[in-house]
Protein chains: 2
Amino acid sequence: MATMVEVARLAQVSISTVSHVLNGTRNVEPETRSRVVDAIEKTGYRQDALARAMRRSRTESIGLVVSDAGEPAFADMVHGVEDAAVERGLTLVLANSAENPDRERRAVHTLLDRRVDGLILACAAESDPALMVSLREEKTPIVLLDRVFSDLPFDQVGADNRDSMRRLISHLLAAGHRNFVLVAGDVRVPTLRERLEGFTDAIASAGLAPSDQLVLTGTDESAIRAALRGLRGSATAVVAASTPLAALALEELRASGRGIPADIAFATFDGFNHSDLFEPRLTTVRQPAFDMGVAAVRLLVERLASPDSRPRIVRLQQQLELRDSTEGFRPREARE
Amino acid sequence: MATMVEVARLAQVSISTVSHVLNGTRNVEPETRSRVVDAIEKTGYRQDALARAMRRSRTESIGLVVSDAGEPAFADMVHGVEDAAVERGLTLVLANSAENPDRERRAVHTLLDRRVDGLILACAAESDPALMVSLREEKTPIVLLDRVFSDLPFDQVGADNRDSMRRLISHLLAAGHRNFVLVAGDVRVPTLRERLEGFTDAIASAGLAPSDQLVLTGTDESAIRAALRGLRGSATAVVAASTPLAALALEELRASGRGIPADIAFATFDGFNHSDLFEPRLTTVRQPAFDMGVAAVRLLVERLASPDSRPRIVRLQQQLELRDSTEGFRPREARE
DNA sequence: CTGTTAGCGCATTCAT
DNA sequence: ATGAATGCGCTAACAG
C-alpha cells in the first residue's frame with residue numbers, strides 16, 4: 001500500500017501538503033493540489049484509518065454490544081444503529097454478549113481498548129453491577145439501549161414498556177377480561193420488569209384482585225411451561241412479555257389443546273416477523289427496534305458534541321397492533 | 001488513560017520490559033515481572049489496540065459486509081460470524097450495503113482502510129463487477145458469503161441451493177404435482193439463480209414440459225403480485241425462492257382466496273422464524289445461516305494462515321422441513 | 001502558500 | 001535479563 005510519503009515524492013511536495021489536500025484543512029494552490037491529486041490517483045493511495053485515528057485520537061467508529069444477537073428485535077436494533085452510524089460517517093464495531101455477564105464485560109473492554117469514539121450497550125440480564133460502576137468512570141461516552149436503568153447517569157434509549165402494557169391491559173379489560181396470565185419472564189431485565197409493573201398498575205387501577213391474576217416470572221423455562229400446561233380455572237387471557245416467552249407459551253397452549261382465541265385470548269410484546277400472514281394473528285405490542293437503534297446513535301453523537309450536558313433518557317412509543325387473537329371474547333355474564 | 005511509559009516508570013523498568021511481560025514475548029525475572037504487574041494494576045493500564053495494531057500491522061479484526069441486514073437470514077449470518085470471530089479473539093466490524101452497489105463499494109473500502117485482517121462479503125444483487133475485479137488485487141483476504149460466484153478466485157461459502165431445490169421438487173413430484181409456480185425473484189443474485197437452475201433441472205429430469213411451469217423472475221414486485229393474483233389453470237403448487245418472495249406470494253394467494261394447502265400447495269426457501277407455531281405450517285428449505293457465518297470465518301482464518309493455498313468453495317447443506325402446506329394433495333386422476 | 005518536525009502508543013531490533 | 005532507540009503512517013503545530 002502506498003503511503004503519503006510516496007504520494008508526496010511523486011507530486012514533488014511535502015507530506016504535510018498531501019495531508020492538507022486530503023483533509024481540505026488548509027488552502028493549497030490549485031496547481032499544487034492537482035499534482036497531488038494526480039499522484040494519489042497514480043499510486044492508488046488510500047488513507048490509513050489506523051494511523052489517522054491514532055494521531056487524531058478519534059477512530060470515527062462506535063461500538064455496539066447486544067445481549068442476544070439471535071433475537072429479531074436486537075437484530076433490528078443493530079440494523080438501525082448501523083444505518084444511523086454510516087449516515088454520520090461512523091463505522092460500527094459489533095459484539096454480542098449472549099446474555100453472559102462475563103462475555104459482556106470482555107466485549108465492552110475490547111471495544112473500549114479499540115478506542116471506539118462511543119459505545120452503545122444493550123445490557124445482559126445479569127449485567128455485572130461493577131461493570132456499570134466502572135463504566136461511569138470511562139470518558140468514552142456510553143449510551144444504554146433497550147434496557148433502561150433510570151438510576152444510572154447514562155444516556156439511554158428504551159421503549160415505553162410500562163405504558164404500553166397498561167394500554168394493552170386496558171384494551172383487554174374493555175373486552176371483558178378479568179383474569180389474566182402474564183408470562184413475565186426474568187424481571188431482572190428492566191424491560192421485562194417495566195412490563196410487569198405496567199400490568200400491576202393496570203390491575204390495581206381496575207380495582208381487580210392481584211390474587212386473581214397469575215404472573216409467571218423467572219428463568220426456569222420448564223417451570224413456566226408446567227404452569228401453563230396445568231392452567232385451569234378462570235383465566236381468559238394470556239399475555240407474553242417477550243417473543244421467546246410467547247413462543248414458549250404458544251407451544252404449551254397448543255399442547256394442552258387450547259385454541260386461540262376460541263378458548264383463550266393471547267397477546268404478546270415484540271412479536272413475530274410477518275406474523276399477519278399466519279394464524280393465529282396475534283395482538284402485539286410492537287417495539288420500534290430499528291428506531292431505537294437510530295435514537296441511540298443520535299444520543300451518542302450529541303453527547304460527543306456536548307460532553308457536559310445532562311444525561312437524557314428517551315422512551316420510544318410502542319405500537320399496539322390489535323388482531324384476531326384477542327377478538328371474540330364474551331364475558332361470562334353475557335354467555336348463554 | 002495510562003500508557004506503557006507510566007507503567008514503566010512506576011515499575012522502574014523500561015517500556016520494552018513492560019511490553020514483554022504484557023505479551024509474554026521474552027523471559028523476565030519473576031521479581032521484575034511482579035513489579036510490572038503491580039504497576040499495571042495500580043495505573044489501571046490497558047493496552048491500546050490501535051497503537052498495537054499499527055505497530056504490528058495486524059488489527060485482530062475482520063470486516064463483514066452484508067447486503068440486507070433486515071433479513072433474518074442475514075441477521076443469523078452476522079450472528080454466526082460474530083460468534084466465530086470472538087472465539088478466535090477477533091473483533092467484528094460490520095457494514096450493511098442495503099443491496100446498493102455504491103454503498104457496498106464504500107463499505108468495502110471503509111473496512112479495508114481500517115485494515116481489517118480479512119473481509120467477509122455477502123454481495124449485493126447488482127454488485128459492481130469492477131469492485132470484484134479490484135478486490136482480487138487486494139492482499140487482504142476476502143471470503144464471499146451466501147452469494148457464490150464460482151468463476152471468481154475467492155474463498156466462498158454458500159448453501160447447496162440447486163440440490164435442495166431438486167430435492168424439494170422431487171418431493172412435490174412424488175406427491176403428484178405436475179404444474180408449478182416458481183416465484184424466482186431476481187436471478188442476478190446467484191443464490192436465487194441456483195435455486196431456479198435446480199428447478200429447471202428437476203422439471204427436465206422428470207420429463208415435464210417447461211411450458212407447463214410458471215416461473216416469475218425479476219425485481220418488479222407488482223408484476224409478480226399481479227401474476228400470482230391472476231393465477232388460474234392447472235398449477236397445484238407454489239414455491240417461493242426466498243422469504244420476501246414468500247411473504248409476497250402468501251399475501252396474494254390469500255387475497256385471491258386460495259387456501260393452503262386445500263386449494264394449492266406452498267413451499268418456501270429460508271422461511272420464517274418460529275413458523276411451526278403458526279398456520280399454515282410451511283414446508284421450508286431452511287438455510288443454515290448461522291453455520292454459514294461460522295464457516296466463512298473459518299475459511300478466512302485458514303486463508304490467513306496459509307495465504308497461498310487454493311481458494312475453496314464450501315457448500316452447506318440445507319434442511320428440507322416438510323410440513324402441512326404441502327400435504328394432502330390428490331392428483332387429478334385419483335380425485336372423485 | 002508550503003515545508004519541517006514532533007509525536008500518537010506501541011513492538012521490536014540491536015545493544016549491553 | 002534488560003534498556004535504548006527506531007519507526008508504523010499520519011496530523012498539527014510551528015516556521016518560513
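Fair warning: this is a prediction, and the values are worked out from it, not measured in the lab. Residue numbers start from 1 in every chain, and the chains themselves are labelled A, B, ... in the order their sequence lines are given, proteins ahead of strands.
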J.: Determine which pairs satisfy salt bridge (charged side-chain N to carboxylate O under 4.0 Å, His left out) with at least one residue from residues 118-136 of chain A, sequence neighbours left out, and list them in order.
T.: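 Those involving residues 118-136 of chain A are E126(A)-R188(A).
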J.: With sequence neighbours excluded, tell me which residues meet side chain to side chain donor-acceptor pair (under 3.5 Å) with T191(A).
T.: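 Residues passing side chain to side chain donor-acceptor pair (under 3.5 Å) with T191(A): none at all.
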J.: With distance as the sole test, does Q156(A) use its side chain to make a donor-acceptor pair with the main-chain N or O of L144(A) at under 3.5 Å?
T.: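 Here the side-chain-to-backbone pair does not exist.
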J.: Donor-acceptor pairs are to be reported for all side-chain atoms of residues 39-48 of chain A against protein atoms at under 3.5 Å, with residues two or more places apart or in another chain.
T.:
from	atom 1	to	atom 2	distance (Å)
T43(A)	OG1	A39(A)	O	2.8
T43(A)	OG1	I40(A)	O	3.2
T43(A)	OG1	Y45(A)	N	3.3
R46(A)	NE	D113(B)	OD1	2.8
R46(A)	NH1	E138(B)	OE2	3.4
R46(A)	NH2	D113(B)	OD1	3.3
Q47(A)	NE2	N23(A)	OD1	3.3
D48(A)	OD1	L50(A)	N	2.7
D48(A)	OD1	A51(A)	N	3.1
D48(A)	OD2	R115(B)	NE	2.6
D48(A)	OD2	R115(B)	NH2	2.2

J.: Taking only residues two or more places apart in sequence, or in another chain, which ones meet R9(B) in a side chain to side chain donor-acceptor pair (under 3.5 Å)?
T.: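 Per chain and number, R9(B) pairs via side chain to side chain donor-acceptor pair (under 3.5 Å) with no residue.
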J.: Within the structure shown, what part of the strands sits under 4.0 Å from Q12(A) by heavy-atom distance: base, sugar-phosphate, or nothing?
T.: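 The residue Q12(A) makes sugar-phosphate contact but no base contact.
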J.: Among all residues two or more places apart in sequence or in another chain, which pass the side chain to side chain donor-acceptor pair (under 3.5 Å) test with R55(A)?
T.: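 R55(A): no side chain to side chain donor-acceptor pair (under 3.5 Å) contacts found.
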J.: With salt bridge (charged side-chain N to carboxylate O under 4.0 Å, His left out) as the rule and sequence neighbours excluded, what pairs involving residues 19-33 of chain B come up?
T.: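 Listed once each, the pairs are E31(B)-R35(B).
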J.: Using a 4.0 Å cut-off on protein heavy atoms (strictly under), produce a 5'-to-3' string for nucleotides 7-16 of chain D with B for base contact, S for backbone-only sugar-phosphate contact, and - for none.
T.: BBBBBB-B--
J.: Rounded to 10°, tell me the angle between the two end axes of the helix from dC1(C)-dG16(D) to dT16(C)-dA1(D), each built from five pairs.
T.: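 Comparing the axis at each end, I get an angle of 40°.
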J.: So where does chain A start and stop touching DNA chain C, 5' to 3', when the test is distance under 4.0 Å to a non-hydrogen atom?
T.: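 For DNA chain C, the relevant span reads dC1(C) to dG9(C).
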J.: Just jot down the side chain to side chain donor-acceptor pair (under 3.5 Å) partners of D102(A), sequence neighbours excluded, or say none.
T.: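 Per chain and number, D102(A) pairs via side chain to side chain donor-acceptor pair (under 3.5 Å) with R105(A), R106(A).
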J.: Could you give the side-chain donor-acceptor pairs of residues 296-303 of chain B under 3.5 Å, partners two or more places apart or in another chain?
T.:
from	atom 1	to	atom 2	distance (Å)
E302(B)	OE1	R312(B)	NH1	3.3
E302(B)	OE1	R312(B)	NH2	2.3
R303(B)	NE	D155(B)	OD2	2.7
R303(B)	NH1	P307(B)	O	3.1
R303(B)	NH1	S309(B)	O	2.7
R303(B)	NH1	S309(B)	OG	3.4
R303(B)	NH2	D155(B)	OD1	3.1
R303(B)	NH2	D155(B)	OD2	3.2
R303(B)	NH2	S309(B)	O	3.3
R303(B)	NH2	R310(B)	O	3.3

J.: For V86(B), what residues pass the side-chain contact (heavy atoms from CB on, under 4.5 Å) criterion, not counting sequence neighbours?
T.: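 Expected list: R103(A), E82(B).
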